Protein chains: 2
Amino acid sequence: MSRTDTSRRGSRQGRAGIRDVAAAAGVSITTVSDALNGKGRLPDATRRHVREVAERLGYRPSAAARTLRTGKSGLIGLTVTTYGEEPFTFTEFAYFAEMARAATSAALARGYALVILPATSRHDVWSNVALDGTVVIDPSDHDPVVTELVRQGLPVVSDGRPAGTLPVTAWVDNDHEAAVLDLLDHLAAAGARRIGLLTGTTTDTYTRLSTTAYLRWCERVGQDPVYESYPAHDPCAGAVAADRLLARPDRPDAVYGLFDPNGTDLLAAARRYGLRVPEDLLLVCCSESTVYATTEPPVTTLSLKPRRIGTAVVQLLIDAIEGIDTGRPVEQVIPTELIVRTSSQRRPPRTTVSAPRSPARD
Amino acid sequence: MSRTDTSRRGSRQGRAGIRDVAAAAGVSITTVSDALNGKGRLPDATRRHVREVAERLGYRPSAAARTLRTGKSGLIGLTVTTYGEEPFTFTEFAYFAEMARAATSAALARGYALVILPATSRHDVWSNVALDGTVVIDPSDHDPVVTELVRQGLPVVSDGRPAGTLPVTAWVDNDHEAAVLDLLDHLAAAGARRIGLLTGTTTDTYTRLSTTAYLRWCERVGQDPVYESYPAHDPCAGAVAADRLLARPDRPDAVYGLFDPNGTDLLAAARRYGLRVPEDLLLVCCSESTVYATTEPPVTTLSLKPRRIGTAVVQLLIDAIEGIDTGRPVEQVIPTELIVRTSSQRRPPRTTVSAPRSPARD
DNA sequence: CCTCCCAAGAGTCACGTTTCTGCATGATCA
DNA sequence: TGATCATGCAGAAACGTGACTCTTGGGAGG
């Protein structure tokens, strides 16, 4: 007949709390907690009984209370850099979608959920969600969000090696330089004499590394660099830049486009100038889109394997959160894959160079 | 010199709590809370002082504690139906990406964040995150997740009208039937005599409504239906079905494809059969992808306006969460847009039918 | 017979907020 | 001058869990 009993009548509205379960089962709160969480030492009979009662009452433990008590929320932030007011950009579309999809699956498999949080979010949104850790995609140099998160003691894993001295817990990235060098060798082997590049004006790591790799390759083989830059986040500028590249007096006979839409843009530009692909112009672009398998002609693409990156990033983050010290290195390099199609081969391939792929697991 | 003071020394490790701020500012906890949240009646001097101290200590309120106390987490679930083990399917890729992007923006603007939660998640994940409400994309008939959420008293807004008697709070959808009828009229006006359909074997609402609209149209104009179905979630089956459709003895002279990749698949199939587009075959497909602007020829697409849908869904949900009774109807129909390009016009258009679109705001 | 120990569960505190109530102090007004 | 009132703040009660610490009863060992 304590005041407590009276004041907590019926457990507020609707939702049954742990107290209600305890009362209905005729045991204490502790017993309920232990029974449901598999802790403590209880006979199976009691455990079953409690679980049954909880089920009957439709009891769902309060996530907020559990988070407050344990300090773990089971939530992982997925931070994307933004251009303008929209999260993630046009050119990263397919990449981001694949990466996020894999990350979601991987997190879920380990009992975590993903929260999408653009880096430019209002500060109050960031502090309003209890995160156990964060994945950042392509953090900029000295990213204030990352710094703040690390200061709070949260693990941060980045997709893309961090620029400068950004103190991330771990990172996953491709070897962009090796990929570009490989790809250029592939084009040269297919007969390219002068390879052009379609690149971006932004200073992000991907663009920078790829471009310098191109310049180094040119220097090595003694070719004059032939490239055009454009602001990659502008959906229209790509077509214009592709046109400029093919209109040059020193027109290249092969082109590599760094961004996803470059393939279709370059195909369209080639048609305008009456260039046949691959006879007059060899073509490769970096893309995760499957449309390039059915274009006319199919276009060779460089895949950054976003699914593997998304999975790896989440695994590293959750390991850090749970304090698991796996043997895994905190810096992981994921190999890229060159999917060779008609556009980069002077004559039809005798054998399929990339193995026929079933729905693709990685 | 109470035990409380001693036991709470330094506020555990690192993170400063509201108590530390109160102590450092020489005021009570209440005053700190009021000062930071803009409540209560405090002179500006005190408010500024408290804020300054909080800033100096790097105080961040605990989201978990706030959620526990207020019952609001600021989190919205984004549920996607799954095929197999991956969240969202291949064919919905561009649609989902655009929709999720708009939803994220809209939620953020109102101080909410989005949590990605596939419908087939392990139950413990669902109950481990405190949601204020949920957006469900294309809920299936009698979806158990939706039922459970509603039972918990959470508002649920669906993208796509709910099948059966699913008790959602509100929904947003296109008028799929009207869109298909319009589109078929457009093809007929361009000279199509026999229009074929590439559709899916699944029974989701979109597929069902679109197909029956097609059948109704055929009946109205007295044309025999010519269609092929395939499992839409299989990336390879689409190409095969497109081929089948054009290989039929009663080959259509115009085709509408219900799914995103159908355009490129049909283009490829047409090339194999030596059919010129649009001279021998008119083509339209439902897609949000921008690649169809630069294919050869550019393909007319039906856009379901996922950005507007994503925005509308989130607005309705947050209104419901906050108990705002806007005049907005709880059932919103978003108009579709037919983006007319070369593939559906027997002769080049004299004027641009769809206005030249800048980066597209909606 | 006394003690010790272990199973089985009860009580209670703390997590970090928000918010309701309450208590002074000075100003206002009849 | 005494009653009323607004102001400026402090105290304390929740919110619903999880995790310690205690209590109780009974069996085994000395």
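Protein chains get the first letters and strands the later ones, always in sequence-line order, with residue 1 at the start of each. Model, not experiment: these values are computed from the prediction.
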Given [N], is OP1 or OP2 found less than 4.0 Å from the side-chain N or O atoms of [X]?
| X | N | result |
| --- | --- | --- |
| B/Lys39 | C/dT19 | yes |
| A/Thr30 | C/dT12 | no |
| B/Thr46 | D/dC9 | yes |
| A/Ser28 | C/dA10 | yes |
| A/Arg69 | C/dA14 | no |

Point to revise | Position toward the 5' end of DNA chain C (nearest nucleotide), B/Thr70 or B/Arg41 | key: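 On the 5' side of the pair lies B/Thr70.
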
[N] [atom2] sits how many Å from [X] [atom1], rounded?
| X | N | atom1 | atom2 | value |
| --- | --- | --- | --- | --- |
| B/Asn128 | D/dG16 | CG | P | 17 Å |
| A/Asp34 | D/dG18 | CG | C1' | 9 Å |
| B/Ile18 | C/dA14 | CD1 | P | 18 Å |
| A/Lys72 | C/dC15 | NZ | C1' | 14 Å |
| B/Leu57 | C/dG16 | CG | C1' | 16 Å |
| A/Arg66 | C/dG16 | CZ | P | 18 Å |

NA contact type, [X], heavy-atom cut-off 4.0 Å: base, sugar-phosphate, or nothing?
| X | result |
| --- | --- |
| B/Ile29 | base |
| B/Ser62 | sugar-phosphate |
| B/Leu68 | base |
| B/Arg60 | sugar-phosphate |
| A/Asn37 | sugar-phosphate |

Review point. Looking at A/Asp138 and A/Arg161, does any basic side-chain N land under 4.0 Å from a carboxylate oxygen?
Key: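 Judged by the 4.0 Å cut-off on N to carboxylate O distance, A/Asp138 and A/Arg161 do not form a salt bridge.
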
**Study point:** Stepwise side chain to side chain donor-acceptor pair (under 3.5 Å) test for B/Thr31 and B/Ser28
**Key:** CA-CA 5 Å; B/Thr31 306; B/Ser28 75; 3.1 Å; yes

[options]: which one has an atom nearest the side-chain heavy atoms of [X]?
| X | options | result |
| --- | --- | --- |
| A/Ala65 | C/dG9, C/dT17, D/dG16 | D/dG16 |
| A/Arg19 | C/dA8, D/dC15, D/dA10 | D/dC15 |
| B/Tyr59 | C/dT17, C/dA10, D/dG18 | C/dT17 |

Point to revise | Minimum heavy-atom distance between A/Arg51 and A/Ala35, given as atom pair plus value | key: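 So the minimum-distance heavy-atom pair works out to NH2-O, 3.1 Å.
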
Review point. Taking all non-hydrogen atoms of both residues, which atom of B/Lys72 and which atom of B/Ile321 are closest, and how far apart?
Key: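 Answer, listing the atom of B/Lys72 first, then B/Ile321: NZ-O, 3.9 Å.
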
Check your understanding: So do A/Pro118 and A/Thr79 actually touch side chain to side chain, heavy atoms under 4.5 Å?
Key ->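 Side chain of A/Thr79 against side chain of A/Pro118, heavy atoms only: no contact under 4.5 Å found.
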
